[in-house]
Structures are given as C-alpha cells and as structure tokens.
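Here the structure is a predicted model, which means the values were calculated and not measured. Letters A, B, ... mirror the listed sequences (proteins, then strands); counts begin at 1. For the numbers below, each heavy atom of this structure counts, side chains included, while hydrogens, waters and symmetry mates do not.
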Protein chains: 2
Amino acid sequence: MSLQLPVQTVSRLCLIYRVLLGMDRETVLSSSKLGKLVNIPAHTIRKDLSVAGKLKSSNAGYKAGELLDFINGLFKFDAPLRVCVAGIGLLGSSFIKNPVQEGGQFIIVAGFDTNINKIEVMKSDVPLYPAYEMADRIRELKIDLGIIAVPAQAAEITMQRMKEGGIKGILNFSPAILGDKDIAVRNVHFAEELRFLTAMIPDLEKGD
Amino acid sequence: MSLQLPVQTVSRLCLIYRVLLGMDRETVLSSSKLGKLVNIPAHTIRKDLSVAGKLKSSNAGYKAGELLDFINGLFKFDAPLRVCVAGIGLLGSSFIKNPVQEGGQFIIVAGFDTNINKIEVMKSDVPLYPAYEMADRIRELKIDLGIIAVPAQAAEITMQRMKEGGIKGILNFSPAILGDKDIAVRNVHFAEELRFLTAMIPDLEKGD
DNA sequence: CCTCGGTTGTGAAATATTTCACAAGTGAAA
DNA sequence: TTTCACTTGTGAAATATTTCACAACCGAGG
C-alpha cells in the first residue's frame with residue numbers, strides 16, 4: 001500500500017495540509033489558487049496529487065475538506081501521536097508550555113532533563129522525569145516521537161536512550177548532527193537556516 | 001562568477017561548513033570520514049565540491065581549514081551580517097537573549113514589537129523599537145536579514161515593512177507561509193517539521 | 001624506484017523530479 | 001443545446017540530481 005512518494009512531494013503535501021487545516025472544509029480551491037497560497041506552481045500540485053493516487057473527483061477545483069481527508073488517508077495525520085521533549089532549557093520548555101496546536105495531532109506527554117533540581121522546581125502540566133529514566137518511560141507511556149533540545153554533547157546519548165525506548169522519530173534541535181538507519185531523524189539548526197538563506201541570496205552586499 | 005549551484009548542493013555545503021567550524025583547522029578529513037559526520041555519501045560530497053569548483057589540492061584528504069576557506073569563498077560566510085528580530089515573544093526574545101554563536105557571522109542589531117510596553121519593560125543589550133519604525137530603522141542600521149517571530153496575522157505586514165527597509169532575506173517562524181519574488185524567504189514551522197517526520201516513517205503504529 | 005592502500009575529481013550512466021501540453025470534464029449562461 | 005472560460009489528471013519530454021566507475025595521484029614502507 002505504501003507507495004514510495006518522492007520526498008519533495010511529501011514535503012509539499014505537508015505544506016498544503018497545513019493551509020487546509022486553517023480553512024473551512026467547504027472552501028473550493030483550484031490548483032492555481034492553492035498554489036498561490038503555498039508558493040508552489042499549480043502543475044506541480046496536480047502532479048503531486050496524481051502520483052499520490054488522487055482519484056478523479058470533479059474538474060471544478062478541490063474541496064478543502066476532501067483534500068484534507070485524502071492527505072490524511074496517505075499519512076494518517078489524524079491519529080494523535082505521543083511526543084516527549086528531552087532537555088528542559090529555553091527551547092525545550094517552550095514546547096512544554098506552548099504545546100503545538102495542530103488539530104491535536106501531537107500530544108506532549110513527558111519531559112526529561114538530567115538536572116533533577118530543574119525537574120522538581122519547574123511546574124508544568126506535563127510530567128517531568130530524570131533523563132536516566134528515559135527509555136523506560138518512553139516504553140511505558142507508548143511515546144512515538146522525541147524532540148531533542150539538549151546541548152550538543154548530550155545529543156548522541158539522548159538519541160540512544162530514545163531508540164532504546166522504541167521511539168520512531170526524532171526532531172533534533174541540538175547543534176549535533178544526528179542520524180540513524182533504524183529511525184527517522186530530522187535536524188533543525190537555526191544558525192544554519194540563516195546561513196542557507198544567505199547562501200541563496202545571489203548578490204548580497206554585506207552590511208559592513 | 002556566481003555559478004548556479006543546485007539547491008541541495010548548497011544545503012549540503014552549509015551542513016559541512018557547520019561541522020568544519022567546530023573542528024581544528026589542521027584536521028585532515030577524507031570525503032568518507034566527512035560523509036559519516038554529516039550523513040552524506042562520500043561520492044556526493046566529492047561531486048558537490050567538484051561542481052562548486054573545488055580545485056585540485058591533493059589526493060590525500062581535505063584539510064578542514066582549506067575546505068572552510070573554499071566554502072567561504074563561495075558564499076562569503078565570513079562577512080558579518082546584521083540581523084533584526086520582529087516579534088519579541090518567547091521565541092523572538094530567545095534569539096535576542098541567546099544570540100547565535102556562529103563565528104560572529106550573525107549580529108542581532110535590533111528587535112521590533114508592536115507592544116510598546118514590552119519594549120520599555122524588557123531589558124536587553126539589543127535596542128528595541130516599535131514596529132512602525134521598522135523600515136526606517138532597517139535602512140538606518142543597514143540590516144541585512146530579518147527573523148519574523150510574530151503571530152500569523154501580522155506576518156505579511158511585517159514582511160512588507162522589512163522589504164520596504166531593503167532587507168535581503170527573511171527567516172519566517174510565524175505560522176503564515178511567506179514568499180516573495182524579490183527577496184529570499186525561508187519558512188520554518190515546528191509542527192510541520194514533526195508532521196513531515198511522521199510522514200517519512202514508513203509504518204508508524206499510532207500510540208493510541 | 002616500485003608497490004600498496006587509500007584518496008580525489010569527474011565524465012558518463014542511471015535515476016529522480018519537474019515541466020509541459022492537452023484531452024476531457026464542469027458549470028454557468030444564453 | 002452550444003458555447004465559453006474555466007478546471008483536472010497524466011503520459012511524455014525536458015531537466016536536474018545522484019550514483020557509478022575509474023584514471024590519476026599521494027605518502028609510506030620497503
């Protein structure tokens with residue numbers, strides 16, 4: 001069943017999914033209108049839907065709700081996922097305090113930190129545990145995804161603990177570059193986003 | 001001069017640049033050793049360097065410092081860039097309080113917010129200004145890049161103000177999807193990173 | 001000097017992805 | 001019913017990107 005979609009197609013479908021979420025289900029969109037909203041050419045959107053197996057609906061635009069359901073059918077985005085956060089620093093605690101509101105898709109169920117004091121002092125609705133309990137708690141709480149927000153030197157061991165607990169995917173905000181053949185890992189690094197941005201600007205006159 | 005490199009090549013060179021930064025300049029790396037550090041196949045690294053115009057150095061590995069210089073020569077990463085942050089919320093102020101330490105490449109020189117109280121109350125080394133002054137201040141302070149960390153509904157006007165001030169690139173953390181034909185824009189959305197991650201996991205058994 | 005294990009740089013082949021072009025469908029209006 | 005201005009879905013063509021294979025090179029150790 002799981003036909004292997006091109007990575008970029010997956011990425012674009014995620015983007016489209018996002019704008020559809022914030023839209024009335026009854027809204028009717030043509031591929032070109034949708035394209036303007038997400039900065040993707042209309043023919044690319046149509047091709048993406050085509051290779052993803054979109055069945056013929058009508059030749060008068062897409063109903064937002066139907067598209068949403070179609071993408072859900074592909075990726076099961078409507079099933080809630082249980083997420084934990086490792087590292088309760090500035091970034092980590094922002095995930096715990098401002099939980100991601102995406103139609104309840106992601107539920108933060110645990111936080112971890114090596115600093116026991118921090119765990120005891122900080123008050124939060126999400127239960128916090130010491131880092132060494134990570135693998136057990138992940139198993140016990142049936143956690144699907146992990147967010148790593150620890151310093152670089154602790155990133156590798158954190159990933160190992162998460163793997164040991166049976167986690168399926170990791171979003172890594174630490175400066176370390178993580179990767180694994182068994183689980184999906186995505187590295188996000190703010191400075192590098194800035195750097196990539198500048199590399200894409202053709203003729204940047206430096207400010208000084 | 002600016003030969004048009006494939007986007008993915010640029011992205012990989014940025015990643016390589018990052019690991020090289022945290023390394024002694026004298027370290028000698030083969031393409032395969034480097035590849036293991038960044039999770040990129042060795043032949044892809046060699047091809048990237050080749051199309052980027054790497055001139056023959058030796059057939060016994062790369063010296064970290066030389067590679068660094070080579071990538072700098074391509075993208076001018078050593079010239080410092082002046083950056084501003086729009087939206088002094090949790091995320092925005094984290095950029096101001098914990099400035100990105102990437103060899104001094106990025107210097108945060110201003111923060112903006114519509115909430116005047118916030119600007120007056122918050123103390124920071126970085127000067128803060130009301131949002132309506134944005135275009136003028138950007139011009140005056142010769143700001144190159146902008147980070148948008150405002151709510152979705154304010155994102156578009158913020159981008160317009162930045163453009164008006166003559167900014168060259170924008171890193172957008174708001175939930176809005178921004179794009180522009182004149183300037184480089186990069187959208188980063190945490191929930192979507194998580195969603196993309198789950199879409200890439202082949203057979204994810206949902207936790208509940 | 002010669003060999004050996006390891007290395008780079010790069011054309012050419014193999015893939016992957018995007019773009020194009022168009023037949024065919026839709027709904028409204030006359 | 002016929003036209004009109006729109007739409008989708010998709011093979012095929014055009015591009016882009018990755019992978020491969022290998023000649024040429026390096027440095028160490030005879």
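- Residues passing the side chain to side chain contact (heavy atoms under 4.5 Å, CB included) test with A/Lys33, sequence neighbours excluded: A/Leu29, A/Ser30.
- Sorted by first and then second residue, the ring pair (Phe, Tyr, Trp, His ring centres under 6.0 Å) pairs with a member in residues 133-189 of chain A read A/Phe95-A/Phe173, A/Phe173-B/Phe190; sequence neighbours excluded.
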Could you run down the sub-3.5 Å N/O contacts of the protein with nucleotides 23-30 of chain C?
| unit_1 | atom_1 | unit_2 | atom_2 | d |
| --- | --- | --- | --- | --- |
| C/dG25 | O4' | A/Asn59 | ND2 | 3.3 |

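- With hydrogens and angles disregarded, no donor-acceptor distance shorter than 3.5 Å links the side chain of B/Asp78 to the backbone of B/Asn72.
- Here the side chain of B/Arg186 pairs no donor or acceptor atom with the backbone of B/Ile170 at under 3.5 angstrom.
- Contacts classified as salt bridge (charged side-chain N to carboxylate O under 4.0 Å, His left out) and involving residues 38-53 of chain A (residues at least two apart or in different chains) are given here: A/Arg12-A/Asp48.
- Remark: A/Pro41, A/His43, A/Thr44, A/Arg46, A/Lys47 in residues 28-47 of chain A come within less than 4.0 Å of DNA chain C through at least one heavy atom.
- The span of DNA chain D lying next to chain B, judged by atoms under 4.0 Å from heavy atoms, is bounded 5' to 3' by D/dT17 to D/dC26.
- For DNA chain C, no neighbouring residue in residues 15-26 of chain A is found when judged by any heavy atom under 4.0 Å.
- Remark: P of C/dT7 and CG of B/Leu49 are 15 Å apart, rounded to the nearest angstrom.
- For residues 86-98 of chain A, no pair satisfies salt bridge (charged side-chain N to carboxylate O under 4.0 Å, His left out), with sequence neighbours left out.
- In this structure, the side chain of B/Lys76 engages the main chain of B/Gly73 through a donor-acceptor pair within 3.5 Å.
- Residues that satisfy the side chain to side chain contact (heavy atoms under 4.5 Å, CB included) test with B/Asp125, not counting sequence neighbours, are absent from this structure.
- Distance alone, capped at 3.5 Å, is enough to place a donor-acceptor pair between the A/Asn187 side chain and the A/Leu178 backbone.
- For B/Glu140, the side chain to side chain donor-acceptor pair (under 3.5 Å) partners two or more places apart in sequence, or in a different chain, are B/Arg137.
- Within the structure, side-chain hydrogen bond (donor to acceptor under 3.5 Å, both in side chains) pairs that include any residue of residues 145-159 of chain A comprise A/Glu156-A/Gln160 (at least two apart or interchain).
- Applying the ring pair (Phe, Tyr, Trp, His ring centres under 6.0 Å) rule to pairs touching residues 4-58 of chain B yields B/Tyr17-B/Phe77, sequence neighbours excluded.
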